[in-house]
Visitor: 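The structure under discussion is supplied below as structure tokens; questions concerning it will follow.
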Amino acid sequence: MLDIKLIRSEPDTVRKALARRGYGGAVDDLIATDERRRKLISSVEDLKAQRNQASDAIARIKKEKGDAAALIARMKEVSEEIKNLDAELADVEKALDAKAAELPNLPHASVPEGRTDADNVEIDRWGTPRSFDFFPQAHWDIATALDIVDFERGAKIAGSGFPLFKKAGARLERALISFMLDLHTTRHGYIEMLPPFVTRAVVMYDSGKLPKFSEDMYHVELDDLWLNPTAEAPVTGIHVDEILPAESLPVKYVAYCASFRREAGAAGKDTRGLTRLHQFDKVELFQFTEPDKSYDALEEMLGHARAVLETLELPYRVLNCCAGDIGQAATKMYDLEVWAPGVDRWLEVSSVSNCTDYQARRGNIRYRPEPQAKPEFVHTLNGSGIALPRTFIAILENFQQPDGSVVIPDALRPYMGGMQSIAAG
RNA sequence: GGAGAGGUGGCUGAGUGGUCGAAAGCGGCGGUUUGCUAAACCGUUGUACGGGUCAUACCGUACCCAGGGUUCGAAUCCCUGCCUCUCCGCCA
């Protein structure tokens, strides 16, 4: 949520920034609605002041056993009018909220121009993609041959997009989760969280997932709960409506959570293998920071996500995402893409975003800069640290051997019971 | 799933239709006293929105879980929802 006061006082700045994301036109409409809202507030509050005065008068008259019938009759009409104006005001505010909720955050000056992910700018590369003296296989072939992922039976259980991990595959998935959590808690100073896998609608709204992405999430109608599309949603909710002690900032959480996505807009895309799933595992980084520290925290968090790939010895690149591609709540976003030689593609395994006060305003998450000072909104940041299935893919494809086996990266071996490679049989 | 209790300011806790934004206590802040600390005493102490101001001041409105309703007037009465707690049942 953007600050309506900012939109009102600096419409040109906001318009220009939003135009970079294709929302520039909405500003004037919003300002006009806000204008109407304030006029209505003014008139309805005048009437309420009248009513309050009259109420006192009536009480006094009755106390002195006087006759207040005439005044009561008059106030009946005033109350009727207040009711009508209140209803009108509620409509206008609803419209204003709906319009404001649609608006994304304002892109930072360092965000490149562009409309789609094709316009994202590569800013760094790490590692050298391995050269193969045999034809590298795609992960679905490797995994099927090793019998560590069963796509058909997963589909039998829950449909396509829900793979069944087996044996060393299941263990590898579990090992990756533990490895990442340990890395971030012991080396990067995060506190571990394991949130509910479902989140209430209000919290989804606070985190910016609703109303915009309702089609992309699974909804449990009977209980009005949403399956998390990312741990970002429940973790944002942890401190909703709280005032955090200034000395506690930055608050840094790392959370494992299964992530569920309907991928409604991606039908037919990446249908093979593990690249695009309806359910996947993810370890998520999250920070609540003071406003003036959030961009430093963004760089730091990017480093934390990179450390996962570097420790696993997986080549990757870093993209500075363009204005059209950054998340709804973000002002700036980096993507990490791991190299997958089997499918011959870069695969996105992490997005690291600074959401500044956008989520904090919706969720009313604040801190007190000084002991007696007014509470201010914190800044929130989130970053995948990192998404699992594509890391799983990268391990299979980068460490595959001519005999079909897969060497396990050193860092994971302790989590695999010392296993050095996954071989068939 | 069954039965019951309850949600009031930073906290504890009064308040069942008319100066109630809300008693009292605790905590916080300012002060008096004090060699210092403590104690005591006095004062003060919520948030949001709108108006107003260079900015304060100030004025108005709303907020006693949320949303509706009754009424001239609701923390207080009615309905719905959410949440918490206790007991029983079931269950990993």
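Within every chain, numbering begins at 1; the chains are lettered A, B, ... in the order of the sequence lines, protein sequences first and strands thereafter.
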Visitor: Name the nucleic acid region contacted by A:Asn52, choosing base, sugar-phosphate or nothing; use a 4.0 angstrom heavy-atom cut-off, strictly under.
Guide: sugar-phosphate
Visitor: Check the phosphate of B:C49 against A:Lys5, side-chain N and O only, distance under 4.0 Å to OP1 or OP2. Yes or no?
Guide: yes
Visitor: Under 4.0 Å, counting only non-hydrogen atoms across every strand here, what does A:Ala54 touch: a base, just sugar-phosphate, or nothing?
Guide: nothing
Visitor: So, applying salt bridge (Lys or Arg N to Asp or Glu O under 4.0 Å) with A:Asp3, which one of A:Arg361, A:Arg362, A:Arg8 is it?
Guide: A:Arg361
Visitor: Between A:Asn105 and A:Thr331, does any side-chain donor sit less than 3.5 Å from a side-chain acceptor?
Guide: no
Visitor: Ignoring hydrogens and angles, state whether a donor on the side chain of A:Tyr253 or A:Glu284 is under 3.5 Å from an acceptor on the partner side chain.
Guide: no
Visitor: Of all the choices, B:C72, B:U70, B:C49, which nucleotide is nearest to the side chain of A:Lys83 once you look at every atom?
Guide: B:U70
Visitor: Between B:G50 and A:Glu45, counting only base atoms on the nucleotide and side-chain atoms on the residue, is there a donor-acceptor pair under 3.5 Å?
Guide: no
Visitor: Working note: A:Gln287 + A:Tyr190, criterion side chain to side chain donor-acceptor pair (under 3.5 Å); need CA distance, chi angles, decisive distance, verdict.
Guide: CA-CA 9 Å; A:Gln287 291 197 29; A:Tyr190 288 79; 3.1 Å; yes
Visitor: Is it the case that A:Gln328 and A:Tyr358 place a side-chain donor and acceptor less than 3.5 Å from each other?
Guide: yes
Visitor: Pick the closest RNA chain B nucleotide for A:Gln53 and for A:Arg366 by heavy atoms, then say which residue is nearer the 5' end.
Guide: A:Arg366
Visitor: Which sits closer to the 5' end of RNA chain B, A:Ser79 or A:Arg37, going by the nucleotide each is nearest to?
Guide: A:Arg37
Visitor: Using a heavy-atom cut-off of under 4.0 Å over every strand shown, decide if A:Arg200 touches base, sugar-phosphate, or nothing.
Guide: sugar-phosphate
Visitor: Just N and O in the side chain of A:Lys374: are any of them under 4.0 Å from OP1 or OP2 of B:A48?
Guide: yes
Visitor: Report yes if at least one side-chain N or O of A:Lys48 is closer than 4.0 Å to OP1 or OP2 of B:U61; otherwise report no.
Guide: no
Visitor: Looking at the side chain of A:Lys62, which of B:G50, B:U61, B:C72 is the nearest nucleotide?
Guide: B:C72
Visitor: Touch check for A:Arg8, heavy atoms < 4.0 angstrom, all strands: base, sugar-phosphate only, or nothing?
Guide: sugar-phosphate
Visitor: Can you tell me the base-pairing partner of B:A5? Count Watson-Crick or G-U wobble geometry only, both distances below 3.5 Å, and say none if there is no partner.
Guide: B:U84
Visitor: Once you apply a heavy-atom cut-off of 4.0 Å, does A:Ile41 come out as touching a base, just sugar-phosphate, or nothing?
Guide: sugar-phosphate
Visitor: Establish, with yes or no, whether the OP1 or OP2 oxygen of B:G51 is under 4.0 angstrom from a side-chain nitrogen or oxygen of A:Arg38.
Guide: yes
Visitor: Scan A:Ser42 against the nucleic acid and name what it touches under 4.0 Å (heavy atoms): base, sugar-phosphate only, or nothing.
Guide: nothing
